[in-house]
Protein chains: 2
Amino acid sequence: MHRPRLSLLVASLLLASGIAGATPPVTTIPGTAVKTAERLRDKALHDDTGYRIVTSLTTEVGPRLAGSDADQRGRDWAIAKFKALGFDKVYTEPVTYPLWVRRSEHGAIVAPFPQALVLSALGYSAGTPKGGLTAQVVRFDSLDALKAAAPAAVKGKIVYIGYRMQRAKDGHDYGMGSAVRVTGPAIAASKGAAGYLLRSAGTDAHQRIAHTGVTDFEDPARAIPAAALSNPDADQLERILAMGKPVTVKLDLDCGVVGEYTGANVIGEITGRKYPDQVVAIGGHLDSWDPGTGAIDDGAGVAIAMAAGKLIGDLPRRPDRTIRVIAFANEEMGLWGGRAYAAKHADEVTKFQLGTESDFGAGPVWRMSASVKPGARDAIGQIAGVLAPLGVTYDVSKPGGGGSDLSQMHGKGMAALSLTQDGTHYFDWHHTSNDTLDKIDPKELAQNVAVYAAFSYMAAQADGDFGSATGAFAGDGAGE
Amino acid sequence: MHRPRLSLLVASLLLASGIAGATPPVTTIPGTAVKTAERLRDKALHDDTGYRIVTSLTTEVGPRLAGSDADQRGRDWAIAKFKALGFDKVYTEPVTYPLWVRRSEHGAIVAPFPQALVLSALGYSAGTPKGGLTAQVVRFDSLDALKAAAPAAVKGKIVYIGYRMQRAKDGHDYGMGSAVRVTGPAIAASKGAAGYLLRSAGTDAHQRIAHTGVTDFEDPARAIPAAALSNPDADQLERILAMGKPVTVKLDLDCGVVGEYTGANVIGEITGRKYPDQVVAIGGHLDSWDPGTGAIDDGAGVAIAMAAGKLIGDLPRRPDRTIRVIAFANEEMGLWGGRAYAAKHADEVTKFQLGTESDFGAGPVWRMSASVKPGARDAIGQIAGVLAPLGVTYDVSKPGGGGSDLSQMHGKGMAALSLTQDGTHYFDWHHTSNDTLDKIDPKELAQNVAVYAAFSYMAAQADGDFGSATGAFAGDGAGE
């Protein structure tokens, strides 16, 4: 049953020559592969490989800010770990990006009621002048209100936006939460603001812990100091602003872009027995924000993908296609690893059988969706059948996005899944010092490994492809 | 009914002359006073005075480390607030203590896996030498194990103890938690340790927030650098220690005793109509640790006592005895305000009708106990009857301790209650940056005000005393 059907061979040839319309109508997964996937799934549920990997990464490397000393240590760790786990091929591909550093950060209300503020500088934030930046705070209720503001109302001031992010299983409120963080600073800067503060894009309403994260200061010359306040600090600032007197804040941020850095995506492969150049691509990102140890974001993703690959590698024989596990570089400051990967591999997109990345914590996968060719829907249905006992529901109405970095490859045409995790508490800890190992439930992590191992194996054994073709899915969930 | 009974007059005269044995057998609270106390109780439950007070203190003053600039601002605030609330008499009494300052604090694992540690220097900790203190960590499982250790095992090392405090309604595990913090550093120092670390005496197992608190380095010359790790940081250190390789930590604490400071207890009184020199003493402490804004510890206590006094002051006429609300200075670094108060007022102990301080957060009061003369048990029973609808159970088997600072006056013989609050979550936030206003439930705070207003009023109106006499209760729950 592992002999490719004629139709698949024909389809592959046709795909390779760009005639996507001639792909076979139905891709299927052989019954023996389904059975093996079920065994993989059940074994993974009771296997602690994933948890041991994320324990090792977060303990032995700790925080892994892109471009920091720990970035190199993280890559060394990943190379060694792939090898120790028995991957057949381990290699790196360079990724170059601006090097942003955080040296120290302090903030305080100066008047009318002097007191310290807990904050965290945002990625690509400019530093403040020596001695700090002291300015009056001007509050806006929303990003739209800031957009509509006259520059005169903003010029020379520290803009503050207090959007309160709400918890949700699918984390959808991060859409607005992250928009306030990512796009707000540049909007404020364009109107002449001296600085920018936001209520953290996080759902831990009572923790004195700030959520960092990137901004879109693509041009460092236009960057201003920008930071996130913890939720209770935002409450305090708002209480004082509500009294109606001028409120002055001092920001003292020693951070900024100091040049360029070349890191790398680290890649491990379980080499396909029949079609070594056809790959199922899974992964997570190796970098993390610096305040935490990058356990849920995204040590978990790296561990899930590595463990899934390892379990497949432990089978008596190699899968038909290659399982490629990618530990991406610098996702946090703008999908640098994912974009570099897609740029380098765009031409080979038809070799990518199916792919998705885990980058939403360590909560259990509860939903699957897919962007594949119509003729592969049955195969996706077969995968869904194997995942259903894990509590995963197949939502046929949604596209598959491929996850964070692999969204870029999906944008080039790679057939992709979305494997949506329960993110109810993800934004309590995301991008904070609280992103530590204790937030991961080993059993929930094992459920993820079971999902990734089972789907990856089935995709690798499929009779037929999932429709990857240059441009096929452009705009279909890509970059979600 | 407000005319004092003959027996009371006689008793008062006898008490004043020190013949305690001649006190009347039974103290009672007149029925009209009980009715007024019930009305006070019910009004307080729907009154937001307490919440407004603690909001004002924590917002307008913020953190109030004893001896800091904010200490003076806190006193100014308290004086102004007492006056604004209509107290008849507002004054201060000086309190002198060593001035300990915290300038900055950093910690990191240097080897084998370099990464930052979240920690907080303990009160009276010495600073580290310029450039920090780097030393190997030696772990002990308990305070007893440290006590039993040979000096050679400790000398030149950083001692670490990882006691995990458990949550409890009555907070009893703080007994061991605080012992590890208070007494551990000096024990380690006496054996030649270079530094001391503990797992925070706190019950927030998953927050990257350290719990500071005092040590008993009474002699600064013998102090060593000492700090608390957040719970997840303690987990991380223990994981690395468990690998069996030497673990080196660097502490960089810029803190220490820099001289002496004279602050003050701030006192407000609702003056008694009949016996102005006889007082019901209630209070809280005005100082707080510096990382938070001192909301639950102890803005709440100050607010509860001030609001109770204010509600009594709002009655159509003044109570028979004086309600004295004391906002104590520097409780945190060793009951300095309470000890100064007791030293100054020990000779007047028989003038203290009954007293207790609120210093266990803002959870509802659920238990009352008392240390009073046998003849006042009926009156305590009457108070218990009024408090019962608030969910307060009278435990006749336990003594009353008077709370933190007022334990000192109880030690001099003041009749005292304990009004035990629900402290289930108190040690999640205690002595951390998380001690902020949002941790207070306005309704629960109001319940406390109801308890304090009702009991204080009844004690002020009692026909008879509660047995305060020099030495009468020495050792009976004092200092609990």
Side-chain angles (χ1 to χ4, degrees), chain A residues 55-65 68-70 73 77 102 104 106 108-109 112-118 204-210 230-243 245 247 288 290-295 425 428-429 432-440, chain B residues 55-65 68-70 73 77 102 104 106 108-109 112-118 204-210 230-243 245 247 288 290-295 425 428-429 432-440:
Chain A
T55 301
S56 169
L57 176 58
T58 59
T59 305
E60 297 164 32
V61 184
R64 305 172 298 282
L65 185 67
S68 68
D69 289 350
R73 281 186 280 125
W77 172 92
R102 181 200 315 271
S104 67
H106 298 279
I109 297 172
F113 308 126
Q115 56 196 283
L117 291 169
V118 172
D204 55 335
H206 300 291
Q207 297 302 328
R208 207 82 188 280
I209 282 181
S230 87
N231 267 293
D233 288 82
D235 293 342
Q236 183 81 314
L237 180 62
E238 290 180 18
R239 257 192 302 276
I240 297 174
L241 284 164
M243 292 180 183
K245 293 177 198 163
V247 176
S288 79
D290 43 335
T293 61
H425 291 284
D428 291 358
W429 311 310
T432 73
S433 59
N434 259 338
D435 180 1
T436 46
L437 181 65
D438 55 295
K439 308 311 182 300
I440 296 180
Chain B
T55 300
S56 170
L57 176 59
T58 59
T59 305
E60 296 165 31
V61 184
R64 306 171 297 283
L65 186 67
S68 68
D69 289 350
R73 281 186 279 122
W77 173 91
R102 181 200 315 270
S104 68
H106 299 280
I109 296 171
F113 308 125
Q115 55 194 285
L117 290 169
V118 172
D204 54 334
H206 300 290
Q207 297 302 329
R208 207 82 185 280
I209 281 181
S230 87
N231 267 293
D233 288 81
D235 293 343
Q236 184 80 315
L237 180 61
E238 291 181 17
R239 257 192 302 275
I240 297 174
L241 284 164
M243 293 179 182
K245 292 178 198 161
V247 177
S288 78
D290 44 334
T293 62
H425 290 285
D428 291 359
W429 311 311
T432 74
S433 58
N434 258 338
D435 180 1
T436 47
L437 182 64
D438 55 296
K439 308 310 182 300
I440 295 180

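Values below: every heavy atom of this structure, side chains too, minus hydrogens, waters and symmetry copies. Throughout, a chain's letter reflects where its sequence line sits, starting with A, and its residues are numbered from 1.
- Taking each heavy atom of K439(A) and P232(B) in turn, the nearest pair found is NZ-CG, 4.4 Å.
- The side chain to side chain donor-acceptor pair (under 3.5 Å) test with Q207(A) singles out one residue from N434(B), D438(B), T436(B), and that residue is N434(B).
- The choice from V118(A), D204(A), I209(A) that makes the most heavy-atom pairs within less than 4.5 Å of chain B is I209(A).
- For L437(B), the part lying under 4.5 angstrom from a heavy atom of chain A is the side chain only.
- If you tally non-hydrogen atom pairs under 4.5 Å between each of G292(A), A205(A), P114(A), S230(A) and chain B, the highest count goes to P114(A).
- Annotation: the span from Q115(A) atom CD to R73(B) atom CZ amounts to 8.0 Å, rounded to 0.5 Å.
- Close approach to chain A, defined as a heavy atom under 4.5 Å from one of its heavy atoms, is seen in T58(B), T59(B), E60(B), V61(B), G62(B), P63(B) of residues 57-64 of chain B, taken by number.
- Heavy atoms of A70(B) lying under 4.5 Å from chain A are absent altogether.
- At least one donor-acceptor pair under 3.5 Å links the side chain of R208(A) to the backbone N or O of P291(B).
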